Amino acid sequence: MLLTPDGQALATKVRYGLRLLESAFETERPKQGKRHITVSVLPAFAGRWLVPRLHQFTTTHPDIVLDLYPSIELARLDEQDGIDVAIRYGPGGWPHLRQDKLMDEFVFPVCSPAYRTAELLKQPSDLRECTLLRYSREPWSPWFAAAGLDWPEPKEGPIYRDAALLLDAAGAGQGVALARQALASEEIRSGRLCRPFRLEVPGEYAYWFVSRTKDAAEPQIEAFREWMLVETSLFSQEKNLPLLSPAP
């Protein structure tokens, strides 16, 4: 089920209005010495990558309270939307904002180990007999081309508007998904997902830490920025770890 264009427009306005109300009440609450940062982040990245690591930041900085605002909307960071920092997946180059590149992204097919066994995925051309799960923002065509497959973009198979739901569907054995490394790595390590092929291609965009230029000197924002830069650097260095599950 999907919202109509009119419904999507209304939902955006309602969420914005509710966020303004929440920000207004937040300014009236006593901070009790705590410093707050409101972070806009894509829901899938928040749940699959950021939240599992946050205890490291909160342990080191108990005086800083992070208010995560998961949303697919592009935060304006104009002091009216109540957002201090945005973790964006995009091309960079946003005017009048401070932006630090966190890490590049890579994409590759994933599926449940049971699905891989059932379909006997030994080479990329075996995908012809598989259900290909589609994500509205990550086309299959670049990976097909890198694999030497002269295939058009799939026109059949379920379409997901959320990357986390896409991975849930793959983990449930519903087909093969084209996954981003940052979102799928923990589930690959846990064995819930596997990579049937080692081939990966660069993602179209990268992850960025974005804030207002005038807030660069804010100690809580700088602390969170430095922590994100370190964590994403460590994650990028793990890229060569064996994420490919052993053949069944």
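These figures come from a predicted structure and were not determined experimentally. All heavy atoms count here, side chains included; hydrogens, waters and symmetry mates do not.
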Heavy atoms only: give me the nearest [X]-[Y] pair and the separation to one decimal.
X    : Y    : answer
A223 : H61  : CB-CE1, 3.8 Å
D162 : A164 : OD2-N, 2.9 Å
F235 : A182 : CZ-CA, 3.6 Å
G173 : Y115 : O-CD1, 3.4 Å
I72  : L42  : CA-CD2, 3.8 Å
R212 : I83  : NH1-O, 2.9 Å

Side-chain ([X]) to main-chain ([Y]) donor-acceptor, under 3.5 angstrom:
X    : Y    : value
S233 : V230 : no
Q99  : G93  : yes
Q220 : I64  : no
T59  : Q56  : no
R180 : L183 : no
R134 : P139 : no
R116 : S112 : no

inquiry  = For E204, I'd like to know if atom CD has over 12 heavy atoms of other residues, nucleotides or ligands within 6.0 Å.
reply    = no

ask   = How about Q123: does its CD atom have over 12 heavy atoms from other parts shown lying under 6.0 Å from it?
value = yes

message = I want to check a possible cation-pi pair here: R88 against W94, using under 6.0 Å from ring centre and within 45° of the ring axis as the test.
response = yes

Could you check if a side-chain atom of [X] sits within less than 4.5 angstrom of a side-chain atom of [Y], using non-hydrogen atoms only?
X    : Y    : answer
Y207 : D104 : no
D84  : S40  : no
I87  : F45  : yes
T213 : H96  : no
S125 : L149 : yes
W140 : V176 : yes
E231 : L102 : no
W143 : L127 : yes

Let me confirm one number: the [atom1]-[atom2] distance from [X] to [Y], rounded to the nearest 0.5 Å.
X   : Y    : atom1 : atom2 : answer
I37 : D67  : CD1   : CG    : 10.5 Å
L97 : S211 : CG    : OG    : 7.5 Å
Y69 : D81  : OH    : CG    : 8.0 Å
R53 : T232 : CZ    : OG1   : 9.5 Å

message = Between E105 and Y89, do the side chains contain a donor N or O and an acceptor N or O under 3.5 Å apart?
response = no

ask   = Looking at the rings of F108 and F197, which for Trp means the six-membered one, are their centres under 6.0 Å apart?
value = no

message = Run the side-chain contact (heavy atoms from CB on, under 4.5 Å) test on E200 and V107 for me, step by step, so that the C-alpha distance in whole Å, both residues' side-chain angles and the decisive distance to 0.1 Å come before the verdict.
response = CA-CA 6 Å; E200 62 187 19; V107 296; over 6 Å; no

query = What's the verdict on salt bridge (charged side-chain N to carboxylate O under 4.0 Å, His left out) for E186 and R48, showing C-alpha distance, side-chain angles and the deciding distance?
reply = CA-CA 8 Å; E186 293 304 319; R48 284 327 204 261; over 6 Å; no

Which residues share a salt bridge (charged side-chain N to carboxylate O under 4.0 Å, His left out) with R225, sequence neighbours left out = D100, E222

ask   = With ILVMFWY side chains joined below 4.5 Å, transitively, what does L165's cluster contain besides itself?
value = L133, Y135, Y160, L166

query = Are I221 and L68 co-members of a hydrophobic cluster defined by side-chain heavy atoms under 4.5 Å apart?
reply = yes

